Amino acid sequence: MIDLKYLQKNFDEASVKLAKKGVDGETLEELKTLFANLKEVNSTLEVSKAEQNKMSKLFGQYKREGKDVAELKAKVDANKEIISTLQTKANVANVALQNIALAMPNFPDDSVPHGADESDNIELKRVMKPRVFDFEPKEHWALAEMNGWIDFERGVKLAKSRFSVLRGDAARMERALINFFLDCNAKKGFEEVCVPFINNASMLQGTGQLPKFGDDLFKIEGEELYLIPTAEVPLTNLYNDEILTAKELPILLTGYTPCFRKEAGSAGRDTRGMIRQHQFDKVEMVAIANPNQSAEIFKMMVENASDILTQLGLPHRVVELCGGDLGFSAAMTIDLEVWLPGQNKYREISSISNTKEFQARRAKIRFKDNKKNSLVHTLNGSALAVGRTLVAIMENYQNSDGSINTPEVLKKYM
RNA sequence: AGAGAGGUGGCCGAGUGGUCGAAGGCGCACGACUGGAACUCGUGUAUGGGGCAACUCAUCGAGGGUUCGAAUCCCUUCCUCUCUGCCA
């Protein structure tokens, strides 16, 4: 959640920032008004409550002294009415405020380039030259069929479309990749954790998936529980509603989880192959950091993910997201896009974001900094999306006969 | 899933209608003592909101109710523990 006090005091500046992310001024204006109203109602309410508390204390005193309380009771009863009215007003205002505030995206960092969508993103650099093929490289679904690696039909039979089954060496390579990624992250100081793949609504709100993006989540019927769309949710919320000490920061976490997404807005996109599935494996990095550490950690996370791709021999590029392409919670994001020779283009394989204090404010993750409590910064990034890495290996390591070589670093894992 | 017990501050634990944001202990921080430390003694030590501040409002798992007044009574709900059942 954005800082409403800041919005109040620096409305114009905040409007400019959020315009970068495509937020119209009207909603922002509404938010500001609601906030001001709530403050006013609350302050009058507080005065009445203070009055009520005083009178109640007096009431007890009168009783003990055997004095007559009839007159006082009349006063107290009248005040009670006023409080009840004000309280109702305050509750309504608060709900309205929360509804808008929780749906308001994060401020983009000042460094974030302007732009409307993906096409305005900025390529920072390319790592490794794509291999030159002396034959026409095939797309991964063709290779999958030739090698019996992916069973799309039976995946659909078991669940529905956008589910698939990995078989044989593909299944083993999926597992090898998970282990390889976790080991790489551990070397960079990330603690490995194994978490529930189902989280409750409050956690999903903490990281920003709820209330606005519920349509993209698989919900457990009859319960306030959801299949996680990314390990970012359980890893970040590990410290939900906690006050950490400055000493224990930064907390670096990594974990493997499957991710479940309804892909509600993606009908027709990437329908073929394994690029966009309802369930996919991912190894995630999360950092809970002191604000003065977060820039450096962000850089480290990007380098780590890029380094893993390099170790796997996968050409990729580093892309800085523009304001319009930035996710809801992110203040800044860098994507890594891997080269897919079969598709002849770069495709996202990792997304690393600094949400600054946006998630920390929602999830109430704070740290004690000489007596004072401050919000932490939270960062998250994939290292890496496992299924897409498998796809990248298939396309980059294919031979003319359709067979697929194993990347050197993966051999000891298989 | 059924039966019973219970959820209080960083932890333990008292508190069954008012003077309780909460005794006492532990832990922690600071100070005194010491060459230094332990011991001992003193002081301090929840969170969120409003206010420059004095101060004030809210919070005793969560939500609602009774009452002038609720940690304390009532209802709902979540969670934990024990026993039974089931299961990896």
Side-chain angles (χ1 to χ4, degrees), chain A residues 1-9 31-99 101-102 194-206 210-211 219-226 234 237-249 251 258 288 357-376:
Chain A
M1 203 158 78
I2 59 168
D3 183 354
L4 293 177
K5 268 197 228 165
Y6 168 82
L7 178 72
Q8 184 86 350
K9 288 188 183 137
L31 186 59
K32 186 187 165 195
T33 311
L34 279 167
F35 186 59
N37 284 348
L38 186 67
K39 260 179 99 166
E40 199 190 314
V41 173
N42 274 338
S43 68
T44 34
L45 178 61
E46 192 183 308
V47 171
S48 300
K49 278 186 175 173
E51 184 67 17
Q52 194 76 347
N53 287 341
K54 265 194 210 107
M55 287 196 283
S56 282
K57 275 195 180 131
L58 204 58
F59 194 102
Q61 197 184 316
Y62 278 20
K63 277 270 188 188
R64 257 176 280 125
E65 292 167 358
K67 285 189 189 163
D68 179 43
V69 293
E71 194 187 331
L72 184 60
K73 179 157 163 48
K75 262 164 102 176
V76 158
D77 281 340
N79 195 42
K80 207 177 165 186
E81 284 296 313
I82 295 170
I83 289 176
S84 155
T85 311
L86 283 170
Q87 187 69 63
T88 308
K89 235 172 150 179
N91 291 347
V92 169
N94 197 38
V95 168
L97 179 74
Q98 289 301 315
N99 281 344
L102 286 172
C194 193
V195 291
F197 302 157
I198 294 175
N199 281 192
N200 63 44
S202 164
M203 300 303 115
L204 273 299
Q205 181 175 297
L210 286 178
K219 187 168 193 256
I220 309 289
E221 195 183 342
E223 313 235 26
E224 283 306 306
L225 294 171
Y226 300 80
N237 282 297
L238 218 49
Y239 295 97
N240 187 297
D241 200 19
E242 291 194 25
I243 300 166
L244 304 157
T245 57
K247 251 197 306 201
E248 56 193 317
L249 299 179
I251 296 170
I288 314 283
E357 49 177 58
F358 184 82
Q359 290 178 328
R361 185 172 289 108
R362 289 174 158 251
K364 300 194 189 78
I365 309 175
R366 294 144 295 175
F367 72 105
K368 211 176 260 299
D369 196 9
N370 47 32
K371 300 269 180 186
K372 255 195 72 184
N373 291 328
S374 313
L375 294 167
V376 299

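So you know, we letter chains A, B, ... as the sequences are listed, proteins then strands, and number each from 1. The basis for the numbers below is simple: all heavy atoms, side chains too, and nothing from hydrogens, waters or symmetry mates. Because the structure is predicted, anything quoted here is derived from the model rather than measured.
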Expressed as a whole number of Å, how far does the [atom1] atom of [N] sit from that of [M]?
{"N": "B/rG25", "M": "B/rU8", "atom1": "C1'", "value": "15 Å"}
{"N": "B/rA3", "M": "B/rG85", "atom1": "C1'", "value": "11 Å"}
{"N": "B/rU67", "M": "B/rA62", "atom1": "P", "value": "23 Å"}
{"N": "B/rG50", "M": "B/rA23", "atom1": "C1'", "value": "30 Å"}
{"N": "B/rC20", "M": "B/rA71", "atom1": "C1'", "value": "8 Å"}
{"N": "B/rG2", "M": "B/rG18", "atom1": "C1'", "value": "41 Å"}
{"N": "B/rG42", "M": "B/rC60", "atom1": "P", "value": "32 Å"}
{"N": "B/rG9", "M": "B/rG24", "atom1": "C1'", "value": "13 Å"}

So what does [X] touch, heavy atoms closer than 4.0 Å: a base, only the sugar-phosphate, or nothing?
{"X": "A/L45", "answer": "nothing"}
{"X": "A/K5", "answer": "sugar-phosphate"}
{"X": "A/D77", "answer": "sugar-phosphate"}

Which residue lies toward the 5' end of RNA chain B, A/F59 or A/K54, if each is placed at its nearest nucleotide?
A/K54
Map A/V47 and A/N42 onto RNA chain B by nearest heavy atom, then report which one ends up closer to the 5' terminus.
A/N42
I want to check one thing: is the phosphate of [N], taken as OP1 and OP2, less than 4.0 Å away from some side-chain N or O of [X]?
{"X": "A/K80", "N": "B/rG69", "result": "yes"}
{"X": "A/K63", "N": "B/rG17", "result": "no"}
{"X": "A/K73", "N": "B/rG69", "result": "no"}
{"X": "A/N53", "N": "B/rA58", "result": "yes"}

Scan A/L244, A/I288, A/I251 and name whichever one has a side-chain contact (heavy atoms from CB on, under 4.5 Å) with A/F367.
A/L244
side-chain contact (heavy atoms from CB on, under 4.5 Å) with A/N94: of A/N42, A/L34, A/N99, A/L38, only one passes, and it is A/L38
Salt bridge (charged side-chain N to carboxylate O under 4.0 Å, His left out) partners of A/K219, counting only residues at least two apart:
A/E224
Answer yes or no: side-chain N or O of A/Q52 and base N or O of B/rG69 forming a donor-acceptor pair under 3.5 Å.
no
Rounded to whole angstroms, how far apart are CG on A/N79 and C1' on B/rC57?
14 Å
I need the CG-P distance between A/L4 and B/rG49, as an integer number of Å.
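It works out to 11 Å between those atoms.
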Between [options], which nucleotide gets closest to the side-chain atoms of [X]?
{"X": "A/K57", "options": "B/rU19, B/rG48, B/rG49", "result": "B/rU19"}
{"X": "A/E46", "options": "B/rA46, B/rU56, B/rC68", "result": "B/rU56"}
{"X": "A/A50", "options": "B/rC68, B/rU47, B/rC57", "result": "B/rC57"}
{"X": "A/K39", "options": "B/rU47, B/rG50, B/rG69", "result": "B/rG50"}

Verify, without hydrogens or angle tests, whether A/S84 (side chain) and A/K80 (backbone) share a donor-acceptor contact under 3.5 angstrom.
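No, because the side chain of A/S84 does not come within donor-acceptor range (under 3.5 Å) of the backbone of A/K80.
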Return the polar atom pairs (N/O with N/O) between nucleotides 71-73 of chain B and the protein under 3.5 Å, or none.
none

Are any of the side-chain nitrogens in A/D241 or A/R366 under 4.0 Å away from the carboxylate oxygens of its partner?
yes
Start with the C-alpha distance between A/L31 and A/L97, add both sets of side-chain angles, then the distance that settles side chain to side chain contact (heavy atoms under 4.5 Å, CB included), and finish with yes or no.
CA-CA 7 Å; A/L31 186 59; A/L97 179 74; 3.7 Å; yes
